[in-house]
Amino acid sequence: MEISLLINQQPHTLEVSPHETLLSALRRLGYFGAKFGCDTGECGVCAVLVDGKPLNSCRLLAAQAEGHVIETIESLGQHPQQGWKQTEGLHPIQQAFIESGAIQCGYCTPAQILAAYHLLEHNPNPTEAEVRDALSGVLCRCTGYLKPVEAVLRAAAMLRGEAVPPLAFGDRELLSLPLAPQSPADEEGGGQPPFNEARTQTKILPKVILSPNVPEHQRIGKPEKKVDAVKLAQGKPAFAADFEMRGLLYAKVLRSPYAHARIKRIDTSRARALPGVAAVLTWQDIPRVVYSTAGQSDPIPGPLDTFSLDNKVRFVGDRVAFVAAETPEIAEQALKLIEVEYEPLPAILDPAQALDPQAPRIHDEPEYVNFAESDPTRNLAAHIHIDIGDVEKGFAEADYIFEGDYEVPKVQQAHLEPHVALSYWDEDDRLVIRTSTQVPFHARRILAPVLGLPIKRIRVIKPRIGGGFGGKQEILIEDVAAHLTIATGRPVLYEMTREEEFIAARSRHPMRIHLKTGVKKDGTITANAMRVLSDTGAYGCHALTVTGNTGHKSMALYVGDGEYRKSPNIQFHADIVYTNHPPAGAFRGYGVPQGFWPVERHMEKIARALHLDPLEFRLKNALRAGELHPFSTAWSEGREPRPEVIQTCGLEECVRQGKAAIGWDQKFGNPAWHEVPGKPHLRRGIGVALVMQGTAIPYLDMGGASIKMNDDGSFNLLIGATDLGTGSDTVLAQMAAEVLGVELEDVIVYSSDTDFTPFDKGAYASSTTYISGAAVVKAAQQVAERIRLRAARMLNKAANGSGEVTPEMLTLREGRVFAPDGRSVTLAEVAHNALHHEDQEQIMGVASFYSPVSPPPFAAQFAEVTVDIETGQVTVDKLVMAVDSGVIVNPITASGQIEGGMTQALGYAVCEEMRYDEQGRARERDLRHYHIFQAHEMPELETIFVETFEPSHPFGVKAVAEIPMDGVAPAVGNAVLDACGVNIDDNPITPEKVWRALQAQRQEQGV
Amino acid sequence: MIVEYHRPQTLAEALELLQRPQPPTRPLGGGTAFDFKGDQPVAVVDVQSLGLDAIERQGNLLQVGATVTLQTLLEFPELPLALGDAICHQATYNLRHQATVGGSLVSANGRSPFGVVMLALDAQLTLMPGERTLSYGDFLALRDEFLAGHLITRIQFNPQVELAYQAVARTPADLPIVCAALARWQSGRIRLALGGWGKTPTLVLDGQGHEGLRLAAESAFSAAADEWASAEYRSKIAGVLAKRCWEQIAAKAKEG
């Protein structure tokens, strides 16, 4: 049917089918600012303004929107200077989002901005609660909503004509401004509170406790705006699916209804015959090449146990066939026409049964390639056995032994942009894959044998990504699009639906953990042993390395005290087994959240049993600077380990700062605080967890950078490093700008294209700032050296004999090269001289970096909760994280990582889990039932950075990306224990679990 | 799969379309709960142009047109606070501007806070053809039959009842595991509805006294088990929430 849509004051006439959504019509017309995130209207990233109201366009038929005024993000603002044309620039809301660090991956940004626009049109002076309500319909997995909310409040003030203080500052003292007083009146309506200038400044910027070892920098440590923020605030077509190609086909995948079955017969003839279908592929149509989907360096530290398509299916949702068709609807129809005869096999849905000799064998394919101790005959994907010291001796020396069983669930990354890949042959007959990936170089290498192409004929491009969190550290779907491009010769787009994400993507590894700890009366830990049963699901991607990390990080924190410190007794044994659940993979934290849930819950119980202060007990036994990382001689991701000494550890200061921020001393042990006046059914509790992570993988993770100088004194920085929305492009540019003495806008970043940028292993292991950053610094230093050489020549030539300078005497700053006496030349002059005038060269530098150490960040995570002891409902009221991540390059992007990570970890604490029925079918298939936190239900979040200077990096940095995932769940669990005396040992901490524990407690007490 | 889209300008046109035996034809309100991708072919009648979006007080009743959005209802002056809470629990900002009162009531399942509260309020629906009025509870009991060939044009309820809404969920905004809504009229009549389980909200009682409210709630949810919670838990919590709803109303009565 023909309809007419009025979009941004432009009328459009188009043919639509009755079921076509407004989202689909908008994107077809080139309005890519409206995004796909789910089909059920839960996530809101598809929102556009219809008659001024933010409506989810995936839940509106295109036909419904006829006759209404539609406005998309594209109508809101634009770049102020476009050559000789000046424009009105960006809308204040867009500006505020950019300045406030409210944009991380940017996938939800247009929808948030439009919702804010609607709010401020009707309510120019909203309270924070009203802003949160306005943003409640747009899910964000990156930011924790703190900075978007503050951005809207800032924009509101700007629109009211009020003065708003700039966030950029050069004065170090300003960084440690105390927070504005947090009285309830500040937060809620109750009359309109006056706009609190200090509050929106200090809420956006974290508190940073500066290290005295850190010199003053020009760019490092500054809250620079992200280099991609302007693009993302405008909703520019920057993501993988925002790409139009003539002849584009759409891919769909037929998925198994059985948890375990052989494909006896598969007939695609009716599907192939459907008009509009270009190709249908089954296991019979493509070469049988075994590989692993894990995005890791060579050799893959895990078994090769996966095929693009197989004649066996191993989980409900496993691939059966691929279809490429002219439209997604035709492709869906074709799936239904594929006839499959399955022979169902008995399935393993309980990891405890996997190792049973009678258990069905999930991997019996002859092509299986083992790694380390994998053994598919026993359904064993990996096995880890680490013994440090002598735990039996340690247990014998203990006064008390504490044992406990814990369990952590399967949870999902739930990035708002699904997995999406576009593949096509370019004019050189090279296969180009534009994909939402964290690992472009690994993807290229791993796909080559699968596709029957040499690496040199494949190009992988990572555009902007709408979140990854480890879910895209996987070669998950590129092969689907690529095989279909090979079959048809045409470009193919494959975008997973939200349901496919839940049933067929990746997740965190669920684990069952047994802890045994020996302690002396005075709290000295004499031995600590962890046994893990980890369920890796149907395929073994990341099986060994995730679980190895569980031991390597969470069991490394507590080494004991006194003589035990010098030679700790630690044991870590793990079996990682195959089951017929969807495969687990990489998820931010990578095994460490799974380890700290049991460890920090266990430590709490021990402290209470021994009547010791929980923080003193922990610090008494925790790792300190100058000590050997206990696992560094025992384990390194399947490679040869080498000893590492901890150079920096700000844990004690983190504890001190966090305690002060949350008011620990006024609350912990204070019975009056635990009661809520007038509400006898409520109890408050406060809890803590101490955690550590790692920074990259030593002797393995490597990143490269190349920099070239342009005529105007700007630079192109080419890096393989993969910005998922984290801001790594910005942080790396800051490092280059620091060395080169320029403004951030003079460094133009291009990243993650296997043809144009140097290798980088990709965005995982919290490595980018540290590893890729060090490569950038090295390359920038080379460039600076060439500049100084030339500038010295130029200055000497101009001075004509008097005041000779040598290159070593010159400094780069403010876009110039300065001699000690103040003479200078501009970088533009140096560049012109180099490119055009004399002794011509392209000034450039190329460098790479890997590290012999992985300096851990440390943190203290605090949580305050309120428990309803009649219903078991737990409300998390406040989260405070004090973290030592070395020197902070950009306090806005770094605190954004902490805020978003704590929010993601909050789901792990109270509401996220993936469960399966007795047929292996997923209970959670959409964002209604898999709940991720929304803007209007957030606890208060606070971030404190305790800086140390890590000597193994030129700017003293450590990692920040994953550590916020580690402590929230156990801190909340400990707070619940503090509130009402019950121990929940398996997360999430749901109301019924708490209620049952309270019932049991009452029975025990005879109440 | 939607195979036809119609946007009639008059009620008569709409009813004519809805009463066709083939293809199955359904009214389309906001669209937020409509299954666009179902396997069965269905035709939709978009009711946005039928002028069903008026909201006004008539005597002691609030008359709400079926296509009034949840947001418009939320913003109506002097709405009971608990109804506002339930609307906000039902839908977040964007969805509230799109979802209609009629559509939300028609598509309500057990975990719909708005449906639970409207059941407690004994909302009355007006259906065409025939301008027939029936209670929301009766509508829910025979929902599938009433859907075919009918159109809800208006919903009415008394906004001046005492109303309380309580819920337990994993997070403040998550779907309720158990929720309760209690309405009390000046005459002393009370109605208790429960949600969090099942295909529809559950009416627990409609009567005069509040004694036995807790037991009635526990009894109504004594088999309320599903993959999200046990019946034992739901039953006990239903009792707790019913008691709290009553205490809230009683406390307000004391103040007032």
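Letters A, B, ... are given to chains in the order of the sequence lines, protein chains preceding strands, and every chain is numbered from 1.
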Short side-chain to backbone donor-acceptor contact, [X] and [Y], under 3.5 Å:
X: B:Arg170; Y: A:Pro991; result: no
X: B:Gln48; Y: A:Gln64; result: yes
X: B:Gln98; Y: A:Arg59; result: yes
X: B:Tyr93; Y: A:Val138; result: no
X: A:Glu992; Y: B:Ala229; result: no

When you look at [atom1] of [X], are more than 12 heavy atoms from neighbouring residues, nucleotides or ligands closer to it than 6.0 Å?
X: A:Glu15; atom1: CD; answer: yes
X: A:Leu14; atom1: CG; answer: yes
X: B:Glu16; atom1: CD; answer: no

Check each atom of [X] against the heavy atoms of chain A and say whether the ones under 4.5 Å are side chain, backbone, both or neither.
X: B:Ala167; value: backbone
X: B:Asp46; value: side chain
X: B:Val168; value: both
X: B:Val44; value: side chain
X: B:Ser230; value: both
X: B:Ala33; value: backbone

ask   = Which pair of non-hydrogen atoms, one from A:Leu60 and one from B:Phe36, has the smallest distance, and what is that distance?
value = N-CE1, 3.9 Å
task = Please report the closest heavy-atom contact between B:Asn94 and A:Ala47, naming both atoms and the distance.
result = ND2-CB, 3.4 Å
Let me know if [X] has heavy atoms under 4.5 Å from chain B in its side chain, its backbone, both or neither.
X: A:Glu20; value: neither
X: A:Thr21; value: side chain
X: A:Val910; value: both
X: A:Glu870; value: both
X: A:Glu924; value: side chain
X: A:Ile989; value: neither

ask   = chain B: which of A:Ser17, A:Ala115, A:Ala134, A:Gly67 shares the most heavy-atom pairs with it under 4.5 Å?
value = A:Ala134
ask   = Which residue out of A:Val874, A:Asp868, A:Thr990 racks up the most heavy-atom pairs below 4.5 Å with chain B?
value = A:Asp868
ask   = If you tally heavy-atom pairs under 4.5 Å against chain A, which of B:Leu28, B:Asp35, B:Leu241 wins?
value = B:Leu28
task = Go through the side-chain N and O atoms of B:Thr92 and A:His936 and say whether any donor and acceptor fall under 3.5 Å apart.
result = no
Steps toward salt bridge (charged side-chain N to carboxylate O under 4.0 Å, His left out) verdict (A:Arg928, B:Asp174) = CA-CA 8 Å; A:Arg928 290 210 87 204; B:Asp174 194 12; over 6 Å; no
Below 4.5 Å, heavy atoms only, C-beta onward: do [X] and [Y] meet side chain to side chain?
X: A:Cys911; Y: B:Thr171; value: yes
X: B:Val3; Y: A:His19; value: no
X: A:Trp995; Y: B:Glu232; value: yes

Do [X] and [Y] sit within salt-bridge range, that is, some charged N less than 4.0 Å from a carboxylate O?
X: B:Asp226; Y: A:Arg923; value: no
X: A:Asp133; Y: B:Arg96; value: yes
X: A:Glu329; Y: B:Lys37; value: no

inquiry  = Let's go through A:Leu61 and B:Ile2 carefully: what are the C-alpha distance in whole Å and the side-chain angles of both, what is the deciding distance for side chain to side chain contact (heavy atoms under 4.5 Å, CB included) to 0.1 Å, and is it a yes or a no?
reply    = CA-CA 10 Å; A:Leu61 297 175; B:Ile2 296 176; 3.9 Å; yes
Charged tip of A:Arg915 within 45° of B:Trp228 ring normal and under 6.0 Å = no
ask   = Are A:His118 and B:His97 close enough, and set up right, to give a side chain to side chain contact (heavy atoms under 4.5 Å, CB included), and what steps lead you there?
value = CA-CA 11 Å; A:His118 175 259; B:His97 284 88; 3.3 Å; yes
query = Is there any residue in residues 35-45 of chain A with a non-hydrogen atom under 4.5 Å from a non-hydrogen atom of chain B, and which ones are they?
reply = A:Asp39, A:Gly41, A:Gly44
request  = Report the distance from atom CD of B:Glu227 to atom NE2 of A:His929, rounding to the nearest 0.5 Å.
outcome  = 7.5 Å
message = Going by side-chain hydrogen bond (donor to acceptor under 3.5 Å, both in side chains), name the pairs with one or both residues in residues 74-85 of chain B, residues two or more places apart or in two chains.
response = B:Gln71-B:Glu75
